[in-house]
Amino acid sequence: MKLFVYHTPEQTPTAQVPDCAIVIDVLRATTTIATALNAGAEAVQAFSNIEQLLEVSEQWAPDKRLRAGERGGAPVAGCDMGNSPLDCTPEKVKGRRLFISTTNGTRALQRVQSAPIVLAAALVNRQATVKYLLTNQPETVWLVGSGWEGTYSLEDTVCAGAIAHSLLAQASYTEDELVGNDEVIGALSLYHRWQNQLLEMFHQASHGKRLLRLDGHDDLKYCAQTDVLHILPIQQEPGVLGIEN
Ligand code: MLT
């Protein structure tokens, strides 16, 4: 297995696809997607474009759908909710399809949707992601950070490092065998720096600060938890994620 880290959808190569693409948006899209599926959502359908989300979801009965829209960290008018994982309670999402569009995370998912395997990872489901990789042994794995509007996000790289660290701890690979690009080494170093201070790391990160200005302290606390959800969102058809069995 060779791991490659790309910090943003824009930096992700377009000329080829990996065996497995793992999209990371710790704050907050992939945390929200994992939480919604864990709470019993029928599936999560991701859109980069909000108008398209409204058009497609309109074809679903109101009691079978939930529309989540976020831009700049804030909820989008016309949607049922923003992008807070804390809104994904079983009472709200069970049996419904979550239609979601966010500033960066859903764009990152779209960027790699032609890969044969597409997963959504965050700190909350890091171990479920690692377990999948250890069981299925894809040859090339891309860890794609969502970043912020084309720029790097500290928390996504730390999560990529958390996945690489855990793979190295649980498999017999040497670092040399696993590492596919320099970004993986950077991600590992960042994870080692912040692994016991993940919430503090969010407080240093630009998007963490943005969410704090929007009163998102509880979201940050939730997203900083590691290995608490034992499910893995996997793409079932382009743009639609369900639970990996
Ligand atoms: C994104 O896609 O950029 C986000 O998940 C932003 C957020 O809602 O925190």
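Model, not experiment: these values are computed from the prediction. First listed ligand is number 1; within each ligand, the first listed atom is number 1.
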### Query
What residue and atom, counting heavy atoms only, is the protein's closest point to atom 3 (O) of ligand 1, and at what distance?
Asn104 ND2, 2.6 Å
### Query
Given Ser57, which of Arg65, Arg67, Lys64, Arg97 fulfils the side chain to side chain donor-acceptor pair (under 3.5 Å) condition?
Arg67
### Task
Decide side-chain hydrogen bond (donor to acceptor under 3.5 Å, both in side chains) for Asp156 and Ser146; before the verdict, give the C-alpha distance in whole Å, the side-chain angles of both, and the deciding distance to 0.1 Å.
CA-CA 7 Å; Asp156 292 342; Ser146 299; 4.5 Å; no
### Query
Is the shortest N/O to N/O distance between Gly105 and ligand 1 below 3.5 Å?
yes
## Note on the structure
Note: ligand 1 atoms sitting under 4.0 Å from heavy atoms of Thr102 are 1 (C), 2 (O)
### Query
Counting heavy atoms only, which part of Arg107 comes closer than 4.0 Å to ligand 1: side chain, backbone, both or neither?
neither
### Message
Suppose I only count heavy atoms of Trp148 and a 4.0 Å limit; which atoms of ligand 1 are within that range?
### Response
3 (O), 6 (C)
### Query
Can any side-chain N or O of Gln170 pair as donor or acceptor with the backbone N or O of Leu167 at less than 3.5 Å?
no
Please table the atom pairs, donor to acceptor, closer than 3.5 Å between any side-chain atom in residues 199-217 and protein atoms at least two apart or in another chain.
residue : atom : partner : partner atom : Å
His207  : ND1  : Arg210  : NH1          : 2.8
His207  : NE2  : Leu27   : O            : 3.4

Could you pull out every donor-acceptor pair under 3.5 Å between side chains of residues 229-236 and any protein atom, sequence neighbours left out?
residue : atom : partner : partner atom : Å
Gln235  : OE1  : Gly239  : N            : 3.2
Gln235  : NE2  : Gln113  : O            : 2.9

### Task
Apply side chain to side chain contact (heavy atoms under 4.5 Å, CB included) to Leu198 and Val26, showing your working.
CA-CA 11 Å; Leu198 293 166; Val26 175; over 6 Å; no
### Message
With respect to Thr106, determine whether any N or O atom, backbone or side chain, lies less than 3.5 Å from an N or O atom of ligand 1.
### Response
no
### Task
Find all atoms of ligand 1 within a distance of less than 4.0 Å from any non-hydrogen atom belonging to Ala29, and give their numbers and elements.
5 (O)
### Task
Verify the neighbour count for atom NZ of Lys2: are there more than 12 heavy atoms of other residues, nucleotides or ligands below 6.0 Å?
yes
### Query
Please state which protein non-hydrogen atom is closest to atom 1 (C) of ligand 1 and give its distance, to 0.1 Å?
Asp25 OD2, 3.1 Å
### Message
Once you restrict to heavy atoms under 4.0 Å, what part of Glu70 touches ligand 1? Side chain, backbone, both or neither.
### Response
side chain
### Message
Strictly distance-based, threshold 3.5 Å: is any side-chain N or O of Asp227 a donor or acceptor partner for the main-chain N or O of Gln127?
### Response
yes
### Query
Considering distance alone, does some N or O of Asn83 sit under 3.5 Å from an N or O of ligand 1?
yes
### Task
For ligand 1, find out whether one of its N or O atoms is nearer than 3.5 Å to an N or O atom of Gly147.
no
